[in-house]
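All of these numbers come straight from a predicted model, not from anything done at the bench. By convention in this document, chain letters (A, B, ...) are assigned in the order of the sequence lines, proteins followed by strands, and residues within each chain are numbered from 1.
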There are 2 protein chains.
Amino acid sequence: MFTRVKISIFLLFTVMCLLLVPLKAQSIWENDTLALDSIYKDVLMHSQSGEWLKYLCKQVGHRLSGSPAYQSAVEYTSQVLDSIGLDSVYKQTFLVPHWRRGKPSEVRVVESATGSFPITSLALGNTVSTGENGLAAEILMVHSIEELEKLGKEIVKGKIVFYNRRMPDEVINTFHAYGRTVDQRYNGPKLAAELGALACLVRSVTTARDDEPHTGSTYHNPDGGNIPALAIGMASADRLEQAMRLGKVRLWLFCEGHFSTDKLSSNVIGEIRGSEFPDEIIVVSGHLDSWDQGEGAHDDGAGCIHAMDVLHTLRRMGYKPRRTIRCVLFSNEENGLKGGAHYADQAKGRGERHLAALESDRGGFTPRGFTFEGDAPGFIPAFRKVGSWSDLLAPYGLSLEPGGSGADIKPLQPQSTLLVGFVPDSQRYFDFHHAATDVFETVNIRELKMGTAAITSLIFLMDKHGLSAH
Amino acid sequence: MFTRVKISIFLLFTVMCLLLVPLKAQSIWENDTLALDSIYKDVLMHSQSGEWLKYLCKQVGHRLSGSPAYQSAVEYTSQVLDSIGLDSVYKQTFLVPHWRRGKPSEVRVVESATGSFPITSLALGNTVSTGENGLAAEILMVHSIEELEKLGKEIVKGKIVFYNRRMPDEVINTFHAYGRTVDQRYNGPKLAAELGALACLVRSVTTARDDEPHTGSTYHNPDGGNIPALAIGMASADRLEQAMRLGKVRLWLFCEGHFSTDKLSSNVIGEIRGSEFPDEIIVVSGHLDSWDQGEGAHDDGAGCIHAMDVLHTLRRMGYKPRRTIRCVLFSNEENGLKGGAHYADQAKGRGERHLAALESDRGGFTPRGFTFEGDAPGFIPAFRKVGSWSDLLAPYGLSLEPGGSGADIKPLQPQSTLLVGFVPDSQRYFDFHHAATDVFETVNIRELKMGTAAITSLIFLMDKHGLSAH
């Protein structure tokens with residue numbers, strides 16, 4: 001008797017469980033508010049993003065495209081994507097420029113009113129060598145390309161040009177402040193070369209107040225006529241500026257930089273095929289390459305982890321996307337943008353239709369929202385549709401604004417209704433950007449996970465509701 | 001002729017300047033949008049908050065109320081307030097409890113299935129000593145006060161109780177997660193003592209994943225019957241938990257903690273007297289004391305710097321407040337709340353009318369908004385009035401919500417129309433809270449300055465427009 005009751009209770013319990021499991025699974029995704037709440041909770045409890053980022057930073061390290069480390073990053077992320085049970089994981093392979101730094105640069109003030117002193121420096125990406133004896137010349141300090149242009153060849157010729165403009169402190173969004181300053185790094189050395197300068201120093205484009213130099217691309221003329229160009233630390237730039245106020249300054253510098261033949265490199269791609277509209281693709285992406293300093297933790301380890309973690313979250317939570325959700329880890333963002341260009345070419349060749357492409361390339365900080373751009377005919381109704389989800393996203397501190405998306409997805413613009421940039425808080429990003437200080441320890445794992453949760457929420461809403469007006 | 005033209009141009013220029021200066025100065029404050037933009041720019045360019053916080057952290061260091069370091073903090077902040085040209089700077093002096101840690105605590109597992117191993121520990125604030133030989137007993141692990149209560153005296157007696165509840169990862173706002181966990185630290189040891197336990201260990205209430213123990217107040221019964229209570233690091237708690245899964249664990253521990261007679265301590269106050277309604281007071285505050293670990297950088301060096309920096313900003317920008325703006329740096333928030341109680345008593349005694357009191361005590365992170373509470377008759381219209389400024393504050397990522405304010409201003413509730421809590425991003429705060437890791441280097445100075453700008457903006461709007469419905 002007792003046993004029968006127990007069996008009955010057991011059967012009743014089993015039936016209830018069988019009924020409840022699909023009910024629960026279904027109801028989460030039916031109610032958007034509940035879905036977003038579940039996504040955030042699931043990510044904060046179960047995301048492995050901290051472990052993944054740690055491996056990428058500590059075991060792979062920095063990974064300029066074309067380097068052996070980049071290849072290790074391709075292998076590691078492919079394994080991770082394989083392990084989360086996607087419908088397909090594959091690579092796109094193409095040629096990327098290959099530049100190497102060589103020996104560490106050296107810069108020294110050899111004559112000035114304040115004597116001789118060292119300057120902390122780092123060759124800019126794509127730069128050329130000085131030759132093994134280095135070179136010495138008088139310094140000419142300017143604060144903009146326009147200022148150098150006005151000075152003209154007579155004055156610039158034979159000098160070492162020093163671009164000394166700071167990122168403007170008063171601009172709240174540091175990406176805007178960066179945008180107002182970075183031309184001196186990318187185009188400054190080019191103009192200096194054209195005007196006959198021997199070399200070029202650039203005050204690091206950073207919000208930090210230390211002496212860490214921050215590298216990054218500078219223009220390289222394939223036809224020659226390039227000059228050595230180096231970033232210098234903030235404290236060094238301050239000291240140099242001070243010395244120049246007191247009179248002429250003469251400086252010696254050495255740096256190396258070499259291009260060799262292009263190398264094969266790969267984008268890493270993993271996807272969940274859509275159950276209803278497999279031909280409508282939603283991309284979530286970051287770039288796998290980094291500069292050859294630090295560990296590429298925020299730039300853009302965090303973005304790659306976000307992209308992989310979004311797919312992992314959807315899989316773990318048992319969500320069956322209606323559209324194809326594709327994670328793309330681009331190669332060569334830092335010094336050539338070949339990965340983004342190749343992906344767009346391939347997509348065009350296959351006649352793929354992208355509903356949206358999102359890139360996370362602004363670090364692993366607490367999410368503040370998303371920015372949207374596009375010029376396809378469906379852009380306006382799609383942006384309106386996204387805007388209708390404001391009330392769902394606002395409780396998570398997420399705003400939706402027009403604005404830039406990402407360098408790697410930009411070539412997709414003709415083929416993608418929406419291009420989306422993930423916007424985390426910007427205050428700390430340029431403390432570490434392109435410097436030896438961009439390491440795992442500067443990423444707060446809760447903040448990183450919040451990024452995954454925010455992006456997963458938006459991707460879920462786009463997948464579930466589409467981007468058409470009705 | 002040429003000279004006359006030059007003189008005329010000079011005169012014209014001078015007259016224009018004389019006309020423009022007051023026009024500009026006036027127009028900034030007349031247009032709220034322009035005013036907030038100017039406040040943010042001015043703070044990001046000119047705030048000295050980084051230097052102030054560095055001094056407080058590195059020269060003064062941690063500063064439990066009643067300690068000589070606290071007195072140094074009083075002197076330093078008084079000097080800073082004196083230096084910014086306020087209408088008055090003064091102190092309020094009163095008695096605070098005085099507790100000292102003594103020798104570092106030691107905890108060691110002496111018998112377990114996984115052998116003997118050390119546990120990283122830190123005595124909780126207000127705790128008592130074990131005696132110099134320490135004590136040893138078997139461990140009893142629970143996850144809540146309720147669980148211990150159910151076990152009862154028979155089981156608890158003679159044991160060392162280990163409260164092992166984690167902060168819930170899935171709660172986005174870490175202050176809410178803290179609120180759900182901290183009872184085991186404050187009330188847990190008290191109950192364990194009542195049930196006859198010999199000592200109490202508490203898993204640190206933290207979001208960090210290191211082994212750093214986090215202290216904080218625990219209940220102290222002035223009539224005796226207290227037991228030694230210690231926080232243990234997260235990694236140590238994990239190891240202990242694992243050992244307990246395999247069988248009985250016996251542990252030896254030593255700790256010291258002493259109360260001596262109450263000491264005199266002070267709140268530090270500085271104010272700008274209102275030009276039109278000097279009797280309507282707006283308080284901006286933080287607490288100057290900290291736990292006796294690290295440097296009290298986020299808790300609550302950042303809040304004190306915010307409070308001083310708001311007044312400095314208004315002075316530097318030449319704003320003449322209509323109401324009295326008062327900076328209050330409270331003593332004894334961490335272990336007695338005597339500073340807040342004394343301030344409220346004095347305010348009541350003098351019949352002072354507080355329009356609003358704001359506290360910054362959630363760290364120096366990027367601002368997300370403000371929370372408001374109150375029960376005075378004017379609260380609802382005042383909160384509505386503040387709500388009418390949402391569109392001005394939203395572009396800075398600031399939201400306005402009902403919610404808690406601050407422990408030091410809470411006693412002012414009967415006398416203050418609004419109590420306001422400053423809300424920075426919460427993700428990182430409990431990584432450092434009450435631990436040796438709460439040091440200057442963990443504060444990003446741009447984020448700290450954004451806090452000043454956000455608080456100054458709200459204080460400006462409250463001062464200019466008041467809090468009445470019309």
Take A:K449 and B:E170, measure what salt bridge (Lys or Arg N to Asp or Glu O under 4.0 Å) needs, and give me the verdict at the end. CA-CA 11 Å; A:K449 288 180 183 174; B:E170 71 276 19; over 6 Å; no

Side chain, backbone, both or neither: which part of B:T207 has a heavy atom under 4.5 Å from chain A? side chain

Select, from B:V171, B:T174, B:D425, the one with the greatest count of heavy-atom pairs under 4.5 Å involving chain A. B:D425

Return yes if some donor-acceptor pair links the side-chain N/O of B:T456 with the main-chain N/O of B:T452 below 3.5 Å, else return no.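 Indeed, once roles are kept as given, a pair shorter than 3.5 Å links the two residues.
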
I'd like to know if the side chain of A:D32 reaches the main chain of A:L392, judged simply by a donor and an acceptor atom lying under 3.5 Å from each other, with no hydrogens or angles considered. no

Taking side chain as everything from C-beta outward and backbone as N, CA, C, O, which of these in [X] sits under 4.5 Å from a heavy atom of chain B? Side chain, backbone, both or neither.
X      : answer
A:V43  : neither
A:D431 : side chain
A:Y396 : both

Quick check for you: among A:M450, A:R446, A:K41, which has the greatest number of heavy-atom pairs under 4.5 Å with chain B?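 Counting heavy-atom pairs under 4.5 Å, the top option is A:R446.
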
Hey, would you say the B:H298 and B:F365 ring centroids sit under 6.0 Å apart? yes

What one should report as the nearest heavy-atom pair of A:R203 and A:R165 is CD-O, 3.7 Å

